[in-house]
Peer 1: 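Starting off with a structure, shown below.
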Amino acid sequence: MLGLVDRKIFSNSFWMMFEKVISLFGLILVNAYVAKYLGPSDYGKIALVISIFTLAQTIIWFGNQEVLFKRVSQNKISGLNYLFATQKIRKILCILITFPILMWLYIFSDFLTFCFGVAVAISTFFIIQDIFIVYNNAILKSQLNVYSNILMLVVVLIARYLVVENELSPYFFCLPLALIGIIPFVLKKIWLNRKEKVVKDKLLNEKKYNSYYLKVGSVLVVSSISVGLYTQINNLLLGKMISTYELGLYSVAITLGVTWTFVNQSIITSYMTKIYKENNKYKIYKMMGYLNVFIILISLFYFVLIYFFGKNIIDKLYGAEYLQSFDSVLIIIFSSMLSSLGIIVARFMIKDGGYSFLSKKTVLVTFFSIPLSFSLIYYKGLIGAAWSMLIVEFLSLTFFNYFYKKGLIFKIQFFIGDKV
């Protein structure tokens with residue numbers, strides 16, 4: 001029985017990772033095709049509205065994604081009731097947040113940006129209502145998420161190919177933007193209704209569930225918003241302060257500079273299982289040191305690869321206009337390396353019970369990153385955005401972490417023997 005459970009968990013983990021890889025490389029190909037056709041300026045408009053609504057999604061979820069996952073994992077029926085009962089409050093939050101954003105885009109941006117915004121808003125609405133991704137992961141049926149995402153990518157790629165091949169107006173890209181959220185939602189809902197035998201409470205106490213949703217989320221939402229803002233701040237500032245043209249270049253730089261980190265994350269996740277099981281603190285510190293070195297070596301390998309072949313890759317995938325992003329890609333690769341090293345530290349803190357410190361640190365890093373990004377982008381534009389990312393990741397890994405337990409992270413990073 002135990003072996004069966006282990007195989008099931010392993011299989012589910014594989015499908016979850018496979019989903020990320022498929023989505024990652026599928027979207028790279030799709031976005032490269034679109035970026036080449038639209039050019040940096042119009043492509044930057046898509047990147048801007050996606051950044052805005054990515055942050056909106058974080059607010060709408062109200063810090064409850066992990067809570068929902070945990071609830072379904074513990075009790076499938078109770079979790080499903082919770083998922084369905086809180087759909088209405090997410091719809092309300094989505095409307096309350098989306099409407100002002102669209103009004104702002106209509107007044108302060110051009111009509112194409114507004115239309116892209118409407119399409120992404122529709123996609124966001126369905127993504128927010130897509131409780132099935134949480135449900136499938138929790139009941140160890142993540143392959144259903146993979147199937148729906150693959151079909152979505154195929155349809156979106158075909159739609160975008162037809163727009164480019166027939167040299168249609170950029171406005172036609174609104175359709176595939178909306179389909180990104182619609183297709184997976186519809187497919188998974190059909191499956192749930194037809195295949196999965198679940199019993200839902202028809203007399204759901206929505207008021208009770210919604211109250212719990214807001215109560216639990218209020219503890220987590222500030223940290224969630226901080227993470228969302230921290231990851232999107234450069235896109236938002238670059239798009240509004242400089243131009244969507246530079247934002248288009250930056251989006252390509254981010255794609256090439258960050259995409260490869262799924263390798264780091266897979267290694268870290270696998271290796272951390274050993275660290276979690278180890279109780280000897282000195283062995284833990286040494287294991288973290290070896291893991292750090294491994295991540296640095298992988299990062300340097302990717303840097304060398306892009307340094308020599310990056311311009312050809314950019315030219316082939318995106319076109320000559322995007323070659324201006326090359327220098328930023330190199331900087332962002334180092335930022336990604338620092339971010340990966342930061343994940344190791346964060347996982348260690350979780351093992352060590354440092355949840356409160358991590359939450360407070362995230363908020364502080366966000367508040368620090370906003371004026372820094374604003375200043376560097378204002379004076380340096382695209383390259384300033386890349387440098388701000390590097391500086392923030394460096395300080396997040398070092399300075400901000402050094403306040404944890406009287407400099408424990410500093411001592412671990414430099415492994416000062418018995419002084420740790």
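Positions are given from 1, in the same order as the sequence printed here. In what follows, every heavy atom counts, from backbone to side chain, and hydrogens, waters and symmetry copies are set aside.
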Peer 1: Which atom pair, heavy atoms only, marks the closest approach of Leu247 to Gly239?
Peer 2: CD2-CA, 3.8 Å

Peer 1: Under the rule for side-chain hydrogen bond (donor to acceptor under 3.5 Å, both in side chains), what residues qualify as partners of Glu321, not counting sequence neighbours?
Peer 2: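 Per chain and number, Glu321 pairs via side-chain hydrogen bond (donor to acceptor under 3.5 Å, both in side chains) with no residue.
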
Peer 1: Could you report the tightest heavy-atom contact between Phe116 and Cys174, atom names first, then the distance?
Peer 2: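 Looking at all heavy atoms of both residues, the closest pair is CD2-SG, 3.8 Å.
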
Peer 1: Just to verify, what does Ser41 make a side-chain hydrogen bond (donor to acceptor under 3.5 Å, both in side chains) with, not counting sequence neighbours?
Peer 2: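 Applying side-chain hydrogen bond (donor to acceptor under 3.5 Å, both in side chains) to Ser41 gives Thr244.
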
Peer 1: Got a second to check how far Ile284's CD1 is from Ile412's CD1, nearest 0.5 Å?
Peer 2: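 Result: 8.5 Å between the selected atoms.
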
Peer 1: Can you tell me how far OG of Ser369 sits from CD of Glu393, rounded to the nearest 0.5 angstrom?
Peer 2: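 The CD atom of Glu393 sits 9.5 Å away from the OG atom of Ser369.
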
Peer 1: Compare all side-chain heavy atoms of Leu376 with those of Ile391 and state whether any distance is below 4.5 angstrom.
Peer 2: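 A side-chain contact exists here, since the closest heavy-atom pair is under 4.5 Å.
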
Peer 1: If I compare all heavy atoms of Ala320 with all of Asp315, which pair ends up nearest, and what's the gap?
Peer 2: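 Scanning both residues, the minimum pair turns out to be N-OD1, 3.3 Å.
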
Peer 1: Taking side chain as C-beta onward, heavy atoms only, is Tyr318 less than 4.5 Å from Ile313?
Peer 2: no

Peer 1: Show me, pair by pair, the donor-acceptor contacts under 3.5 angstrom made by side chains of residues 290-312, not counting sequence neighbours?
Peer 2:
unit_1	atom_1	unit_2	atom_2	d
Asn292	ND2	Met288	O	3.3
Ser299	OG	Ile295	O	2.7
Tyr302	OH	Leu256	O	2.6

Peer 1: So, using side-chain contact (heavy atoms from CB on, under 4.5 Å) as the criterion, who are the partners of Tyr37 when residues are at least two apart?
Peer 2: Val164, Glu167, Phe173

Peer 1: Between the side chains of Ser388 and Lys380, is a donor N or O closer than 3.5 angstrom to an acceptor N or O?
Peer 2: no

Peer 1: Which residue pairs satisfy the ring pair (Phe, Tyr, Trp, His ring centres under 6.0 Å) criterion with at least one member in residues 361-397, sequence neighbours excluded?
Peer 2: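 Ring pair (Phe, Tyr, Trp, His ring centres under 6.0 Å) check on residues 361-397 returns Phe368-Phe400.
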
Peer 1: With a 3.5 Å distance limit and no angle check, can you tell me whether Ser396 reaches the backbone of Val392 through a side-chain donor-acceptor pair?
Peer 2: no

Peer 1: Looking at CG of Leu175 and CD1 of Ile122, how far apart are the two atoms once the value is rounded to the nearest 0.5 Å?
Peer 2: 9.5 Å

Peer 1: Listed by chain and number, what are the side-chain hydrogen bond (donor to acceptor under 3.5 Å, both in side chains) partners of Ser373, not counting sequence neighbours?
Peer 2: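 Ser373: side-chain hydrogen bond (donor to acceptor under 3.5 Å, both in side chains) contacts with Asn234.
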
Peer 1: Side chains of residues 97-109: which donor-acceptor pairs under 3.5 Å do they make with residues two or more places apart or in other chains?
Peer 2:
unit_1	atom_1	unit_2	atom_2	d
Thr98	OG1	Cys94	O	2.6
Ser109	OG	Leu105	O	2.3

Peer 1: Would you please name every residue forming a salt bridge (Lys or Arg N to Asp or Glu O under 4.0 Å) with Lys405, sequence neighbours left out?
Peer 2: Asp352

Peer 1: So which heavy atom on Ala346 is nearest to which on Leu358, and how close?
Peer 2: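 Nearest pair, atom of Ala346 first, then Leu358: O-CD1, 3.8 Å.
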
Peer 1: For Tyr404, enumerate each residue passing the ring-ring contact (aromatic ring centres under 6.0 Å, His included) test, keeping only those at least two apart in sequence or located in another chain.
Peer 2: Phe357

Peer 1: Can you tell me how far the CD1 atom of Ile409 sits from the NZ atom of Lys411, to the nearest 0.5 Å?
Peer 2: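 Reported to 0.5 Å precision, the distance equals 11.0 Å.
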
Peer 1: Just how far is it from atom CZ of Phe53 to atom CD1 of Ile60, taken to the nearest 0.5 Å?
Peer 2: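 Here the rounded value is 8.5 Å.
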
Peer 1: For residues Phe403 and Phe399, establish whether the separation of their ring centroids is below 6.0 Å.
Peer 2: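 Phe403 vs Phe399: aromatic centres under 6.0 Å.
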
Peer 1: What's the shortest heavy-atom distance between Leu162 and Leu168, and which atoms?
Peer 2: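 Scanning both residues completely, I find the closest heavy atoms to be O-CD1, 4.3 Å.
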
Peer 1: Got a sec, which residues hit salt bridge (Lys or Arg N to Asp or Glu O under 4.0 Å) with Asp110, two or more places apart in sequence or on another chain?
Peer 2: Lys45

Peer 1: Just wondering, do Leu317 and Lys36 contact through their side chains at under 4.5 Å, heavy atoms?
Peer 2: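 The answer is no, as the side chains (C-beta and beyond) never meet within the 4.5 Å cut-off.
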
Peer 1: So, do Tyr245 and Gln324 sit near enough that their side-chain heavy atoms are less than 4.5 Å apart?
Peer 2: yes

Peer 1: Using side-chain contact (heavy atoms from CB on, under 4.5 Å) as the criterion, list what pairs up with Thr54, not counting sequence neighbours.
Peer 2: Ile50, Gln232

Peer 1: Can you check whether Ile182 reaches Met152 side chain to side chain, under 4.5 Å on heavy atoms?
Peer 2: no

Peer 1: Taking the side chain as every heavy atom from C-beta outward, state whether Ile46 and Leu177 have any atom pair closer than 4.5 Å.
Peer 2: yes

Peer 1: Indicate the atoms forming the closest heavy-atom contact of Val252 with Ser325, along with that distance.
Peer 2: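 In this case the closest contact between Val252 and Ser325 is CG1-OG, 3.9 Å.
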
Peer 1: Just how far is it from atom CG of Leu395 to atom OG1 of Thr398, taken to the nearest 0.5 Å?
Peer 2: 5.0 Å

Peer 1: Taking Tyr250 for the side chain and Ile383 for the main chain, is one N or O donor matched with an acceptor at less than 3.5 Å?
Peer 2: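 Between the backbone of Ile383 and the side chain of Tyr250 there is no qualifying donor-acceptor contact (under 3.5 Å).
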
Peer 1: Distance-only check: which donor-acceptor pairs under 3.5 Å involve side-chain atoms of residues 332-344, not counting sequence neighbours?
Peer 2:
unit_1	atom_1	unit_2	atom_2	d
Ser335	OG	Ile331	O	3.2
Ser335	OG	Leu390	N	3.2
Ser336	OG	Gly257	O	2.7
Ser336	OG	Ile332	O	3.0
Ser340	OG	Asn264	ND2	3.0
Ser340	OG	Ser336	O	3.1

Peer 1: Contact between Ile242 and Leu382 at the side-chain level, heavy atoms closer than 4.5 Å - yes or no?
Peer 2: no

Peer 1: Carefully, step by step, assess Phe125 and Phe185 under the rule side chain to side chain contact (heavy atoms under 4.5 Å, CB included).
Peer 2: CA-CA 10 Å; Phe125 179 81; Phe185 172 84; over 6 Å; no

